[in-house]
Amino acid sequence: MRVLGIESSCDETAAAVVEDGRVLSDVVASQVEIHGPYGGVVPELASRNHMGKIVPVVGAALDAAGISVADLDGIAATAGPGLVGALLVGLQTAKALAFARRLPFVGVNHLRGHLLAARIEGDGERPDFPYMALLASGGHTGVYLVEDERRISCLGGTRDDAAGEAYDKVGKLLGLGYPGGPVIDRLAEDEGDEVDLPQALRQRRSYEFSFSGLKTAVAQHVAARGGRLDEGETRALARGFQRAVVEILVRKLVLAARERQVPRIVLAGGVAANRGLRRHAADAAADKGLTLFVPPASRCTDNGAMIAYAGYLSLAAFETSPMDLAPRADWPL
Ligand code: KG4
Ligand code: ZN
């Protein structure tokens with residue numbers, strides 16, 4: 001079964017073709033340069049840009065897979081959560097194609113896409129069910145119990161900022177550009193001095209997070225130095241920030257896995273591309289006798305393959321969506 005998946009929930013226009021769970025093509029057009037000067041995603045600009053890119057990106061995904069629309073068995077698109085105007089572009093494109101070609105159509109939950117990305121075939125070792133997953137992206141941060149393709153429950157989330165949002169805000173504070181995550185990851189790479197920063201809710205036996213205090217602590221540290229840090233100070237702050245985020249994320253994920261006696265842990269979402277997080281999770285897993293699964297970085301940040309894969313699972317189970325399906329800004333699992 002061949003499924004086209006379209007993703008346009010935020011600042012990536014993406015499309016991919018999956019055949020029986022394997023990726024034939026995966027094309028992503030990033031809008032980072034458009035939003036960069038504003039230090040964050042501007043929703044109106046995102047929608048406009050998706051409109052210009054969606055047809056070429058879908059065409060490129062079909063070309064790269066070596067197929068045409070006539071070879072598809074179904075079409076999937078992200079229906080939420082995300083920016084409504086941005087979602088609308090991918091969703092309507094998917095519906096129009098499905099309607100014109102009389103193909104089944106299904107709307108996919110973006111979080112479900114991220115959480116099942118580790119199960120895509122052909123990328124490496126896949127986790128069996130059940131697994132405990134950390135989803136950390138620009139819009140969401142939480143610990144999820146994934147019992148199977150359908151039964152996914154959130155055990156705890158962030159009370160305020162998402163982890164990726166904290167990376168981006170700190171990146172902006174340090175004048176590192178948008179998105180801050182990959183830059184801070186690079187700055188934190190070498191060993192050296194580290195600024196000691198607080199980890200909220202560390203001793204709580206809950207799977208909740210809070211990152212707004214950490215962001216404030218970084219802002220105060222910068223302000224105390226007159227708003228200007230030299231390169232050494234910037235690196236020390238980046239290291240301290242990365243440690244604080246990564247340690248608390250892994251701590252809660254491991255706590256959940258142990259308490260629920262789930263032997264497998266999985267990283268998902270844009271922040272899972274972080275090298276420090278991957279290393280720390282690998283160490284913690286080895287230490288606690290858990291098996292860690294991490295998708296390739298390109299399947300952690302927003303992509304079409306995870307939507308095509310989740311859509312394929314739904315369509316293979318004869319699950320479709322009505323043609324009047326509306327995008328949803330909020331859509332908890
Ligand atoms: O999953 P994603 O592409 O989009 C959302 O669904 O939000 O995640 C984007 C987030 C951004 O906040 C970005 O800064 C962060 O993921 N990110 C990273 C890294 N790469 C992307 N954060 C930390 N380290 C990275 N290497
Ligand atoms: Zn995402």
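Ligands are counted one by one from 1 in listed order, and the atoms in each one are counted from 1 as well.
Ligand 1 lies less than 4.0 angstrom from a heavy atom belonging to A273. The shortest heavy-atom distance from H110 to ligand 1 is under 4.0 Å.
Contact of the I307 side chain with the Y312 side chain is not registered, since no non-hydrogen atoms from C-beta on lie closer than 4.5 Å. Two residues are said to be in side-chain contact when any heavy atoms from C-beta on lie closer than 4.5 Å; L91 and L325 meet this criterion. Contact check for V17 versus V23: no side-chain heavy atoms found under the 4.5 Å cut-off.
Residue R275 places no N or O, backbone or side chain, under 3.5 Å from any N or O of ligand 1. At least one N or O atom of G270, backbone or side chain, sits closer than 3.5 Å to an N or O atom of ligand 1. Residue-to-ligand polar distances place G164 within reach of ligand 1: an N/O pair is separated by less than 3.5 Å. Geometrically, ligand 1 and G180 share no nitrogen or oxygen pair separated by less than 3.5 Å.
Remark: the backbone N or O of P130 is paired with a side-chain donor or acceptor of R264 at under 3.5 angstrom.
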Verdict with reasoning, R243 to E194, per side chain to side chain contact (heavy atoms under 4.5 Å, CB included):
CA-CA 9 Å; R243 173 183 300 281; E194 247 177 61; 2.5 Å; yes
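Among all non-hydrogen protein atoms, the one lying nearest atom 9 (C) of ligand 1 is G138 N, 3.7 Å. Among all non-hydrogen protein atoms, the one lying nearest atom 26 (N) of ligand 1 is D185 OD2, 3.1 Å.
Of all the N, O or S atoms in D302, the one closest to the Zn ion (ligand 2) is OD1.
Within the coordination shell of the Zn ion (ligand 2), defined by N, O or S atoms under 2.8 Å, H114 is present. The nearest N, O or S atom of H110 is closer to the Zn ion (ligand 2) than 2.8 Å.
Both the sub-6.0 Å distance and the 45° axial angle are satisfied by R119 relative to the ring of F129.
At a heavy-atom distance under 4.0 Å, only side-chain atoms of H114, from C-beta outward, approach ligand 1.
Here D26 contributes atom CG and I120 contributes atom CD1; the two are 7.5 Å apart, rounded to the nearest 0.5 Å. Taking CG of L214 as the reference point, atom CZ of F241 lies at 5.0 Å (rounded to 0.5 Å).
Counting heavy atoms only, D168 comes closest to atom 14 (O) of ligand 1 of the residues D168, N274, D302.
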